[in-house]
Trainee: 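Just dropping this structure here.
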Amino acid sequence: MTHERPAHETRLDGKGGRRRVAAARAIRVIRMLSKHGVECRVVGSLATGHFVLGSDVDFLATHHPEGMFWKIESRAMVIMLGIEFDLSYRNEVRPRVLESMDECALGVPALLRLVREADRG
């Protein structure tokens with residue numbers, strides 16, 4: 001019996017490709033966290049267009065209620081299952097790096113565009 005790997009593990013683009021799956025799951029993470037008072041955006045390679053098969057998804061939490069640190073990561077982990085991610089907190093990022101992150105940060109509308117483009121292509 002041969003076990004076939006999911007498309008998001010073997011293909012970057014297209015309907016089941018890693019970029020689409022990563023963007024769709026990132027949307028779910030951002031929406032879920034917003035219900036708990038956490039403001040979050042996607043930064044890094046998914047945001048800049050340099051996402052490849054081995055890439056992870058980088059999140060930047062710009063605001064979060066006190067005491068949510070571990071809950072944020074554990075809730076994101078459930079949704080991102082199978083796709084590695086990093087979560088940075090605005091107050092822990094050096095100003096020069098933060099400026100670069102802010103320039104490329106994507107919210108839900110831009111991520112939805114990525115998903116739609118993958119579905120078409």
Side-chain angles (χ1 to χ4, degrees):
M1 177 185 232
T2 305
H3 175 66
E4 196 169 311
R5 294 172 63 187
H8 75 270
E9 291 180 8
T10 60
R11 193 174 65 230
L12 180 62
D13 292 312
K15 192 159 181 118
R18 187 173 178 83
R19 187 184 337 259
R20 187 218 184 274
V21 171
R25 290 186 187 171
I27 290 166
R28 289 179 52 207
V29 167
I30 292 170
R31 286 179 171 164
M32 179 272 303
L33 290 176
S34 73
K35 293 177 184 176
H36 298 282
V38 178
E39 293 174 19
C40 194
R41 301 246 185 265
V42 169
V43 295
S45 62
L46 187 59
T48 62
H50 297 99
F51 193 80
V52 297
L53 273 176
S55 293
D56 64 356
V57 176
D58 298 295
F59 292 96
L60 175 64
T62 56
H63 172 78
H64 61 89
E66 203 62 36
M68 281 289 292
F69 183 82
W70 296 111
K71 290 179 183 176
I72 292 170
E73 293 199 28
S74 64
R75 290 177 177 172
M77 193 177 302
V78 170
I79 294 171
M80 294 302 291
L81 185 64
I83 296 183
E84 296 291 322
F85 71 94
D86 288 319
L87 179 58
S88 299
Y89 296 87
R90 185 175 200 83
N91 60 330
E92 297 176 350
V93 179
R94 288 176 283 155
R96 290 176 77 185
V97 174
L98 186 60
E99 185 177 317
S100 166
M101 289 176 147
D102 283 339
E103 286 176 7
C104 73
L106 299 181
V108 170
L111 291 167
L112 282 169
R113 282 192 296 278
L114 281 176
V115 170
R116 285 193 296 269
E117 287 171 13
D119 287 346
R120 282 193 300 263

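Please read all numbers here as calculations on a predicted model, not as lab measurements.
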Trainee: What distance separates Ile83 CD1 from Leu46 CG, expressed to the nearest 0.5 Å?
Mentor: 9.0 Å
Trainee: Using atom types as modelled and distance alone, determine if a side-chain donor or acceptor of Arg41 lies under 3.5 Å from a backbone N or O of Leu60.
Mentor: no
Trainee: Pairs under 3.5 angstrom only: tabulate donor-acceptor contacts from the side chains of residues 104-111 to other protein residues two or more places apart or in another chain.
Mentor:
none

Trainee: Roughly how far apart are Arg25 CZ and Ile79 CD1, rounded to 0.5 Å?
Mentor: 10.0 Å
Trainee: Just how far is it from atom CG of Leu33 to atom NZ of Lys71, taken to the nearest 0.5 Å?
Mentor: 12.5 Å
Trainee: So how far is it from Arg28 CZ to Met80 CE, rounded to the nearest 0.5 Å?
Mentor: 10.0 Å
Trainee: Please report the shortest heavy-atom distance between Ala22 and Val57, naming the atom on each side.
Mentor: CB-CG2, 3.7 Å
Trainee: Hey, what do you get for CZ (Arg19) to CG (Leu114), rounding to the nearest 0.5 Å?
Mentor: 7.5 Å
Trainee: Counting only heavy atoms not in Glu84, do more than 12 fall under 6.0 Å of its CD?
Mentor: no
Trainee: Any idea which heavy atoms bring Phe85 and Glu73 closest together, and the distance?
Mentor: CZ-O, 3.8 Å
Trainee: Provide the closest heavy-atom pair for Ile30 versus Cys40 in the form atom of the first, atom of the second, distance.
Mentor: CG2-O, 3.7 Å
Trainee: Without placing hydrogens or testing angles, list every side-chain donor-acceptor pair under 3.5 Å for residues 90-99, not counting sequence neighbours.
Mentor:
residue	atom	partner	partner atom	Å
Arg90	NH1	Asp102	OD1	3.1
Arg90	NH2	Asp102	OD2	2.8

Trainee: Mind checking whether Val43 and Val38 sit in one hydrophobic cluster, side chains of I, L, V, M, F, W, Y counted as touching below 4.5 Å?
Mentor: no
Trainee: To the nearest 0.5 Å, what is the distance between CE on Met32 and NE2 on His36?
Mentor: 6.0 Å
Trainee: Using every non-hydrogen atom in the two residues, find where His50 and Ser55 come nearest and quote the distance to one decimal.
Mentor: O-OG, 4.1 Å
